[in-house]
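Take a look at the structure below.
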Amino acid sequence: MNDLKACIVQRDRTVLLECAHPGFEAAREKLARFAELVKSPSAFHTYRITPLSLWNAAALGCTAEDIAADLESIARWGLPAGLLQEIRGLVSRYGKLMLEREADGEGDALCLTAADSRLLDEAIASPALSELMLDRISPVQARISAAARGRLKQELMRYGFPVLDLAGYHEGQALRLQWQNGGEGKPFALRSYQTEAVEAFEGVTGSGGSGVLVLPCGAGKTIIGIAALERQQCECLILTSNTTSVEQWIRELTEKTTLKPDQVGQYTGERKEVKPVTVATYQILTHRRSKEGEFEHMKLFNERNWGLIIYDEVHLLPAPVFRATAEIQATRRLGLTATLVREDGCEQDVFSLIGPKRYEMPWKELEAKGWIARVECSEIRVPMDAALREKHAYAEGKEKFRLAAENPGKTAIVADLLKRHPQGGVLVIGQYLDQLQALAAAIGAPLISGRTPQRQRTALFASFRKGDTPVLVVSKVANFAVDLPDASVAIEVSGSFGSRQEEAQRLGRILRPKAGDNRAYFYTLVTENSKEEEFAVKRQMFLVEQGYEYAVHSAREVRSGT
DNA sequence: TAAGAGGGAA
DNA sequence: ATTAGTCCCTCTTA
């Protein structure tokens with residue numbers, strides 16, 4: 001078997017990767033660059049090479065020949081006829097259409113240049129482009145108003161031809177800032193990959209200045225954002241997902257740079273300051289009094305002459321914010337995220353309107369370098385007792401799923417796992433309040449849910465951090481709370497329908513480097529012979545794509561301590 | 001003017 | 001394919 005290769009490459013652009021193969025890891029790393037994982041049963045992982053995954057790879061400088069060489073090096077029975085040609089065709093689409101500022105234009109018109117006239121003919125003839133008023137000036141060129149820049153890119157992406165946008169950016173109002181030296185007289189230093197990421201964002205030629213940086217939780221995305229701002233020296237709007245995160249950005253900006261508190265504003269439900277650097281939530285931008293009402297706060301995009309807009313957690317960016325972003329394509333845009341995967345399928349809009357992927361740091365690489373903890377993931381199959389099994393058998397749909405998820409047999413397993421980790425730092429995370437209440441009572445640990453007042457949360461977090469409270473039971477608050485302390489063990493007792501992001505978020509809770517052997521433990525409890533098994537596979541997919549493996553154990557093994 | 005409750009939105 | 005949670009606005013109370 002050693003002389004065979006780990007993958008079977010199929011004509012429909014799917015790739016089957018054999019998990020037990022010695023070449024598995026090397027092949028996985030190659031595939032991660034230009035394909036996405038779509039299924040991960042135990043023996044074979046299925047990847048798909050999509051147009052978008054190819055274009056993101058192309059934006060990173062990967063050529064069709066690089067991809068062909070990678071595929072040839074992992075394909076057991078060679079490549080199907082026509083596949084390479086198809087891949088070459090798709091990759092070359094990125095760059096066939098180029099958008100630039102009009103060479104001798106006085107105004108702010110842009111020029112779209114096509115590699116050949118037929119492509120431009122056909123694109124212009126498509127109905128979606130008709131209202132954008134393209135003005136043909138030569139067989140391969142058309143003028144277009146700068147205001148239509150975003151929509152043009154969106155429409156051409158839908159048409160199947162992503163535009164290489166070289167039209168540049170306006171500078172924005174200048175703002176002086178510098179890194180502030182660290183506390184003990186040490187100068188603040190970026191990690192090497194953080195510098196690489198910022199440089200990739202800026203780009204070597206005209207193509208930089210907008211795009212997305214993909215880095216795992218705990219890699220210091222805030223720092224990278226601030227570094228981009230420090231390089232640009234301009235006024236900046238920062239959009240993020242919740243108020244705690246707003247506060248965190250503001251804290252880091254004022255502590256780590258020479259920006260004074262009165263230069264940094266918070267624009268949220270509570271306070272509406274517009275300062276040279278302004279941090280806002282996505283929610284305030286999308287807030288409407290009624291379903292048909294206006295977005296009253298979108299004007300924030302134009303309240304100052306921003307030179308840079310940072311989109312934190314770009315995978316959560318809501319649709320109306322895309323629309324507003326289409327209008328401000330002359331402003332530099334930096335997207336930050338742990339995963340480009342969106343559950344709503346708007347990945348194409350991220351590419352068109354924020355920009356292509358400029359940098360990606362695989363989780364495993366950070367782990368190898370010791371920047372994040374080495375996590376051991378286990379899936380534990382918990383059986384139902386006879387009574388539950390019967391109830392489960394007769395239940396339907398969501399009722400059935402919930403019965404399995406709330407399997408009381410999980411309690412004893414949690415108790416056993418706690419015995420294995422007497423040093424504490426354990427988070428028990430689940431989805432249903434009833435289940436969590438019962439569990440918290442049984443193991444004698446405090447529960448934090450959405451109903452827990454903020455003051456009490458803060459007190460419990462502090463006690464957990466100090467080690468006085470070894471175990472915390474947390475509901476979905478764990479998905480959002482930025483201030484939730486770091487832990488070294490997470491036990492997931494239930495989760496929502498196949499959410500890959502939730503799983504990644506939960507794992508992220510234990511990634512911060514640990515003193516000593518730098519290890520952390522992630523357990524997911526799944527009821528045997530139920531729908532939960534299926535959902536677990538789906539949930540785990542993103543992390544499997546990142547190279548995490550879930551060792552499957554039976555409840556019996558856990559109970560007997562093996 | 002601050003804090004808290006209640007309702008709607010995505 | 002839910003639940004639970006967040007955020008924003010408005011109104012009330014003190």
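Just so you know, these numbers come straight off a predicted model, no measurement behind them. Proteins get letters first, then strands, A, B, ... in listed order; numbering begins at 1 in each.
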Euclidean distance, atom CD1 of residue I448(A) to atom C1' of dG5(C) [Å, nearest integer]: 14 Å
Check: H287(A) ring centroid to F295(A) ring centroid under 6.0 Å: no
Greater than 12 external heavy atoms within 6.0 Å of K299(A)'s NZ: yes
Nearest-Å distance for atom pair CD/P, residues Q505(A) and dG5(C): 15 Å
Close aromatic pair by centroid cut-off 6.0 Å: F401(A) and F535(A): yes
Over 12 non-hydrogen atoms of neighbours within 6.0 angstrom of CZ in R512(A): no
Sugar-phosphate only, base, or nothing, as touched by R457(A) at under 4.0 Å among non-hydrogen atoms: sugar-phosphate
side-chain N/O H297(A) vs dC7(C) OP1/OP2, d < 4.0 Å: no
Of the listed nucleotides dT2(C), dA9(B), dC8(C), the one nearest the side chain of Y432(A): dT2(C)
Nucleotide of dC9(C), dA9(B), dG5(C) approaching S475(A) most closely (side-chain heavy atoms): dG5(C)
Nearest listed nucleotide, side chain of L433(A), among dG5(C), dT3(C), dA10(B): dG5(C)
Sugar-phosphate only, base, or nothing, as touched by T286(A) at under 4.0 Å among non-hydrogen atoms: nothing
Nearest listed nucleotide, side chain of R288(A), among dA10(B), dT6(C), dC9(C): dA10(B)
Touch class at under 4.0 angstrom, heavy-atom based, for R289(A) against every strand present: sugar-phosphate
Rounded interatomic separation in angstrom, taking CD from E406(A) and P from dA4(C): 9 Å
Sugar-phosphate, base or nothing in reach of F535(A), heavy atoms under 4.0 Å: base
Distance in angstrom units between K476(A) NZ and dC7(C) P, rounded: 13 Å
Protein-nucleotide distance (K400(A), atom NZ; dT2(C), atom C1'), rounded to Å: 17 Å
Side-chain N or O of K272(A) closer than 4.0 Å to phosphate OP1/OP2 of dC9(C): yes
Side-chain N,O (T281(A)) to OP1/OP2 (dT6(C)) below 4.0 Å: no
Test item: side-chain donor near acceptor, S496(A) and S499(A), under 3.5 Å: no
K398(A) side chain, from C-beta outward: closest of dT3(C), dT6(C), dC8(C): dT3(C)
Nucleotide dC8(C), atom P - distance to CG of L239(A) in whole Å: 12 Å
Atom pair distance, as rounded to whole Å: NZ in K538(A) and P in dA1(C): 12 Å
Atom pair distance, as rounded to whole Å: CZ in R323(A) and C1' in dA10(B): 12 Å
